[in-house]
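See below for the structure under consideration.
Only this structure's heavy atoms are used, side chains among them; waters, hydrogens and symmetry mates stay out.
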Amino acid sequence: KVTEKFCFIYIPGLKSEPALDLNELKSLGLIEKAKPNEKIEVFLERIEDKGGEAVVSVSKAKKIRGWEILVKKFENNEIIKCKIISKIKGGCVVEHIDTGMHCFMPGSQIDNKPLKDINHLFNQTIETKVLSIDKIRGNAIVSRKEVIDSHKKLDKAKIIENYSEGQIVNGIVKATSSFGVFFELDSQIDCLCHIMEVSWSRVNDTSEIFSIGETHKLKIISIDKDKQQIGVSIKALSPNPWEK
């Protein structure tokens with residue numbers, strides 16, 4: 001039955017009928033269960049207390065079920081949907097939308113680049129992956145960065161499919177180093193032109209030859225789909241002057 005403040009539940013085998021606080025059910029999002037003949041999961045803490053009454057907990061039952069779901073998501077490496085509810089030292093607390101379980105997301109796992117402010121992520125549904133589970137303490141650590149990186153890898157794999165060895169492409173100089181030059185191909189993907197592929201002549205310092213933002217014609221000489229890397233060459237566009 002349901003009264004103004006409580007609903008009373010029947011559990012087969014128990015002598016008493018435990019009472020559930022309607023305010024607690026409301027806070028847990030289970031107020032719709034407070035109707036005659038509805039079924040609700042509870043955790044049986046004690047069959048009888050000092051007064052002979054059974055002690056049950058809805059919140060503990062919900063937490064146990066939520067924990068079981070999180071463990072399964074972790075074992076299956078599945079994406080879970082969460083929302084950030086508060087900032088704390090070292091990161092933030094997120095709530096798993098399906099279960100209401102609270103998890104910790106370290107600051108380093110919020111994005112794949114440093115963020116000075118995360119306020120724009122509040123009240124937003126974000127995709128995360130469970131990084132680790134502490135079954136003893138009942139803690140879970142999640143990562144939004146893992147999902148972002150996995151999406152980028154899929155996008156990169158699709159982009160690489162559009163290229164083939166021997167293809168001539170346009171590349172914009174992104175950076176120079178002691179071992180070569182990094183180019184951005186057709187504003188889509190970064191690649192490396194090794195210093196040995198820059199010129200038929202010896203090159204000691206690529207920064208003396210290339211400037212950031214310059215566009216150069218490049219020839220694709222290698223594609224590694226597993227590592228998602230493309231190798232390009234400038235010297236391959238011209239004949240070897242040392243060959244007779």
Answer with yes or no whether the hydrophobic clustering places [X] together with [Y]; edges join I, L, V, M, F, W, Y residues whose side-chain heavy atoms lie under 4.5 Å apart.
X	Y	result
Val94	Trp67	yes
Val55	Ile9	no
Ile31	Leu20	yes
Leu28	Val93	no
Leu131	Phe104	yes

In this structure, are over 12 heavy atoms from other groups packed under 6.0 Å from [X] atom [atom1]?
X	atom1	value
Lys63	NZ	no
Lys87	NZ	yes
Asn123	CG	no
Ile168	CD1	yes
Lys62	NZ	yes
Asn37	CG	no

When rounded to the nearest 0.5 angstrom, what distance separates [atom1] in [X] from [atom2] in [Y]?
X	Y	atom1	atom2	result
Glu32	Ile40	CD	CD1	8.5 Å
Ile110	Leu121	CD1	CG	7.5 Å
Glu146	Asn112	CD	CG	11.0 Å
Ile88	Met105	CD1	CE	10.5 Å
Gln124	Lys83	CD	NZ	11.5 Å
Glu165	Lys219	CD	NZ	10.5 Å

Compare every heavy atom of [Y] with every heavy atom of [X], then report the nearest pair and how far apart it is.
X	Y	value
Ile230	Tyr163	CD1-CD1, 4.0 Å
Pro239	Trp200	O-NE1, 3.4 Å
Gly52	Glu48	O-CG, 3.9 Å
Ser143	Gln109	OG-OE1, 2.6 Å
Gly171	Leu218	CA-CD1, 3.7 Å
Ala157	Gln228	CB-NE2, 3.5 Å

Are the side chains of [X] and [Y] in touch, meaning some heavy atoms are under 4.5 Å apart?
X	Y	answer
Phe210	Val203	no
Lys145	Ser108	no
Val181	His216	no
Thr99	Arg65	no
Pro18	Ile11	yes
Cys193	Val198	yes

Using atom types as modelled and distance alone, determine if a side-chain donor or acceptor of [X] lies under 3.5 Å from a backbone N or O of [Y].
X	Y	value
Lys81	Asp98	no
Thr3	Phe6	yes
Gln167	Ser164	yes
Thr206	Ser177	yes
Lys217	Leu237	no
Glu197	His194	no
Ser16	Ala54	yes

**OP:** Give a yes or no on whether a salt bridge exists between Asp21 and Lys5, defined as a side-chain N under 4.0 angstrom from a carboxylate O.
**Re:**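 Answer for the salt bridge query: no.
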**OP:** Inspect the contact between Lys158 and Glu161 and indicate whether a charged nitrogen and a carboxylate oxygen are less than 4.0 angstrom apart.
**Re:**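 No, Glu161 and Lys158 are not salt-bridged.
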**OP:** Please state whether the rings of Phe182 and Phe179 are parallel, tilted or perpendicular, taking 30° and 60° as the class boundaries.
**Re:**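 The rings of Phe182 and Phe179 stand perpendicular, inter-plane angle above 60°.
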